[in-house]
2 protein chains.
Amino acid sequence: MTHSPLRPPTMADVARLAGVSHQTVSRVLGDHPNVRDETRARVQRAIEEMGYRRNSSARALATRRTRTLGVVASNTTLYGPASTLFALEEAARAEGYLVSTVSVRKLTVETLSEALDHLSDGGVEGVIAIAPQRSAVEALAELRRPFPVVAVGTGSASTVPSANVDQYLGARLATGHLLAAGHRTVWHLAGPEDWQEAADRVAGWRKTLEEAGVEPPMPLRGDWSPLSGYRAGQELAGWVGRGLTAVFVANDQMALGVLRALREAGVRTPQDVAVVGYDDIPESEFFAPPLTTVRQDFSAVGQRSIALLLDLIEGRTPSGPTRIAIEPQLVVRASTYPYASPPGTAPPG
Amino acid sequence: MTHSPLRPPTMADVARLAGVSHQTVSRVLGDHPNVRDETRARVQRAIEEMGYRRNSSARALATRRTRTLGVVASNTTLYGPASTLFALEEAARAEGYLVSTVSVRKLTVETLSEALDHLSDGGVEGVIAIAPQRSAVEALAELRRPFPVVAVGTGSASTVPSANVDQYLGARLATGHLLAAGHRTVWHLAGPEDWQEAADRVAGWRKTLEEAGVEPPMPLRGDWSPLSGYRAGQELAGWVGRGLTAVFVANDQMALGVLRALREAGVRTPQDVAVVGYDDIPESEFFAPPLTTVRQDFSAVGQRSIALLLDLIEGRTPSGPTRIAIEPQLVVRASTYPYASPPGTAPPG
DNA sequence: GAGGTCATTGTGAGCGCTAACAATTCCCGC
DNA sequence: GCGGGAATTGTTAGCGCTCACAATGACCTC
């Protein structure tokens, strides 16, 4: 603190003050064992006094390691991506890595490629790509890149190493729950066509119905937004009384729109139509009525994918499979069962 | 592509292939004017052929510029922080900067200090701190740090350069709207005590009532979560018929809980009690009933704060004030006015 | 055709650190 | 009190790039 040059102090400055060579300073900083206690203390005092911090660029240049990971994501204001991002960063930081993020509005071959370039210019050692669109997955496989990449949200379609919640299983849980409650069939409001996770949920829903000997109705399509759910809900309301008693909606936000449309059409939930969502966003417990949904462990996705990426970067043989699947969990609430428990009494997510 | 050494190619490798000096390669890459077209083309071909990319660490070391910004944030799965984060990254990338994020679970002096250290070790040239807790703001002012910092979400309390939505004004809009609709008084469910934004909203609400000659009732406290809103809503329901006809809730998530509690208590919204929220999250239009709320332009916050930070980094005199205030906007829906328009007809956020 | 100017290219010296090796010191047993 | 090995410290050479400056050559003017 006494010293205040125009440029931040260098290792040589510290060395001079401590009366040692710069290499000894480096050893102290690197916790190298063979440094005399007295010397170490003297160096440490000098470091303190000058407020010295190692220059990360010089270090990175000499070691060829930046200790920085990249993340490419889209739709980061949605609960799922935001939660994954959070878990990713936390896991990476625990391993001493910094995380640089590129959030794009729309994931295409171009934006993905630009994002990887930008991260590459930033010197990342590896990248997590949250790439739920099918096209992005393919692009990922083809793009030339000088570092390992782990995909997240690619559903069952990943050709690169990946970590995913098992969407197929989640859809089976949701659909099976409705069938078990006595519904003859289950309609489905699906996510966008080109999202692999949406496709996996459709597949799980369809398979479950088929196993029960039921011909699946035509699924509706939304874009994940509450508004698209509202519009689909208006359409669904027209089928009430003609065999529609249960709907599996591919995410909670759309389910919210469906609930509103049904309510406005005078259709009661769950008495007339039962609704199941997907994601378990924090709000869904407070919808009207509280929403039965499928909870995804985004935190696990984040941790597992970081662990996998680090294995790849450090050249270790991955300790587990390179295509990780995480089990989702059904959360039953009043939208499928009118006597479900009030808020705050069930274990939180 | 033909070349495939163990190490990525260096500028010298490219220079050799193109038959020029490494400096000429640097000039081509830096778009320096004085390079003959023929030479430039030859170099570019060599770059292409080898798949060469500049080493960012070496570049950063030589230029003393990392072109990386840091962001410290908490509660990043909430709509507000997530939106801000997105806008921040997008604005920074447009200026050629990479963004490294540290998301902490709880913002304290310790976690903030650790986050800044971590970012500092990553070589960031400046930091945006999303620091809504009052304690964090103070910590920020005192912490020694070798780079400029711009605070976001610090409400009116920032001692460092900052960009904020004017929360005081937002609260006045919300409260004034309810008074104008004929309510005699307005209750308030506030956010956590130590959040400056919560305090600013309380102040705006209180001031508006006082100006109207009304003694403000005791505000309730929540923690932003729907559950805390639900609990407060149960309490509020007990005051219906005893002067409670309107509530201003400090965020949309809590408002969702309040709506549920009122509904369960048989209180109708807006006929018995009108409710106004804050944030305009995408879901609020689909609540039961759709929620009147205050929209914050997070995107503007992100852009303005990045512009300010870059001014500070580049040593320019900031082109505007160093404490930026952004105006919020009232969005009227059915929770205060039963004949509000259906979804999809109003201009989107 | 000498001298001057400009465009173009090359050379050398760092940026601040780590890694490999060399040099010094210390401590022990005999 | 001296050889030998371990512990400790110093020296040197990069890591791959940019910056400042030097060198070259082309072209022009008088």
Side-chain angles (χ1 to χ4, degrees), chain A residues 3 5-44 46-47 50-68 96 120-125 146, chain B residues 3 5-44 46-47 50-68 96 120-125 146:
Chain A
H3 203 64
L6 285 86
R7 289 219 213 296
T10 71
M11 203 170 253
D13 295 331
V14 173
R16 205 170 308 121
L17 179 61
V20 296
S21 76
H22 65 134
Q23 180 58 11
T24 296
V25 178
S26 178
R27 286 192 185 99
V28 169
L29 252 21
D31 263 335
H32 192 95
N34 287 345
V35 179
R36 204 159 22 121
D37 284 355
E38 195 269 328
T39 310
R40 183 185 305 277
R42 194 144 38 87
V43 169
Q44 233 127 28
I47 289 173
M50 305 189 86
Y52 170 73
R53 314 214 54 162
R54 272 187 292 202
N55 178 309
S56 61
S57 303
R59 212 160 122 68
L61 179 58
T63 58
R64 303 155 175 283
R65 299 291 313 265
T66 59
R67 297 196 76 79
T68 300
S120 179
D121 288 344
V124 299
E125 296 185 33
Chain B
H3 202 65
L6 286 86
R7 287 218 217 295
T10 70
M11 203 169 255
D13 295 332
V14 173
R16 205 170 307 122
L17 179 61
V20 297
S21 76
H22 64 133
Q23 179 58 13
T24 296
V25 178
S26 179
R27 287 194 184 97
V28 169
L29 252 22
D31 263 335
H32 191 96
N34 288 345
V35 179
R36 209 167 11 131
D37 283 355
E38 195 269 328
T39 311
R40 183 186 304 279
R42 194 146 36 87
V43 169
Q44 233 129 27
I47 288 173
M50 305 189 86
Y52 170 74
R53 314 214 51 163
R54 272 187 292 203
N55 178 308
S56 61
S57 303
R59 210 159 122 71
L61 179 58
T63 57
R64 305 157 174 281
R65 300 290 313 262
T66 59
R67 296 196 76 79
T68 300
S120 178
D121 287 345
V124 299
E125 296 184 33

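Note on naming: letters A, B, ... go to the chains in the order of the sequence lines (proteins, then strands), and numbering restarts at 1 for each one.
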query: Of all heavy-atom pairs between B:Tyr52 and B:Thr10, which one has the smallest distance, and what is that distance?
result: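 That would be CE1-C, 3.5 Å.
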query: Can you tell which of C:dC17, D:dC17, C:dG10 lies closest to the side chain of B:Ser21?
result: C:dG10
- line: From the candidates C:dG16, D:dC17, C:dT18, the one with an atom nearest any side-chain atom of B:Met11 is D:dC17
task: Strictly below 4.0 Å, heavy-atom distances to any atom of DNA chain C: list the hits from residues 58-67 of chain B, or just say none.
output: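 The answer is B:Leu61, B:Ala62, B:Arg64.
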field: Contacting residues from residues 28-42 of chain A, given that a heavy atom lies under 4.0 angstrom of DNA chain C
entry: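 Within residues 28-42 of chain A, no residue comes under 4.0 Å of DNA chain C.
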query: Counting only N and O atoms by type, is there a donor-acceptor contact under 3.5 Å from the side chain of A:Thr66 to the main-chain atoms of A:Gly123?
result: yes
In a table with atom names and distances, give each donor-acceptor pair under 3.5 Å that connects a side chain of residues 18-37 of chain A to protein atoms at least two apart or in another chain.
residue : atom : partner : partner atom : Å
A:Ser21 : OG   : A:Gln23 : N            : 3.4
A:Ser21 : OG   : A:Thr24 : N            : 3.4

- request: Would you check, one step at a time, whether the test side chain to side chain contact (heavy atoms under 4.5 Å, CB included) holds for A:Ile47 with A:Val43?
  value: CA-CA 6 Å; A:Ile47 289 173; A:Val43 169; 3.9 Å; yes
message: It should be established whether B:Tyr52 places a side-chain nitrogen or oxygen under 4.0 Å from OP1 or OP2 of nucleotide D:dC17.
response: yes
query: Does A:Ser26 have a side-chain nitrogen or oxygen under 4.0 Å from the phosphate oxygens OP1 or OP2 of C:dA19?
result: no
query: Residues two or more places apart in sequence or in another chain: which of them pass side-chain hydrogen bond (donor to acceptor under 3.5 Å, both in side chains) with A:Arg67?
result: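 Partners of A:Arg67 by the side-chain hydrogen bond (donor to acceptor under 3.5 Å, both in side chains) criterion come out as none, since no residue qualifies.
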Partner set under side-chain hydrogen bond (donor to acceptor under 3.5 Å, both in side chains) for B:Arg16, not counting sequence neighbours: B:Asp13
task: Using the test salt bridge (charged side-chain N to carboxylate O under 4.0 Å, His left out), find all partners of B:Arg53 that sit at least two apart in sequence or belong to another chain.
output: A:Asp117, A:Asp121
query: Taking five pairs at each end of the helix from C:dG1-D:dC30 to C:dC30-D:dG1, what angle separates the two helix axes (nearest 10°)?
result: 50°
With 3.5 Å as the limit, what N/O pairs link the protein to nucleotides 20-24 of chain C?
none

- prompt: Between atom CE in B:Met50 and atom P in D:dG16, what is the gap in whole Å?
  reply: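 Computing the B:Met50:CE to D:dG16:P distance gives 13 Å.
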message: What I'd like to find out is whether the side chain of B:Pro146 reaches to under 4.5 Å of the side chain of A:Pro8, using heavy atoms alone.
response: no
Solution key, residues 54-63 of chain A side-chain donor-acceptor pairs under 3.5 Å, sequence neighbours excluded:
residue : atom : partner : partner atom : Å
A:Asn55 : OD1  : A:Ser57 : N            : 2.7
A:Asn55 : OD1  : A:Ala58 : N            : 2.9
A:Thr63 : OG1  : A:Arg59 : O            : 2.7
A:Thr63 : OG1  : A:Arg65 : N            : 3.2
A:Thr63 : OG1  : A:Arg65 : O            : 3.4

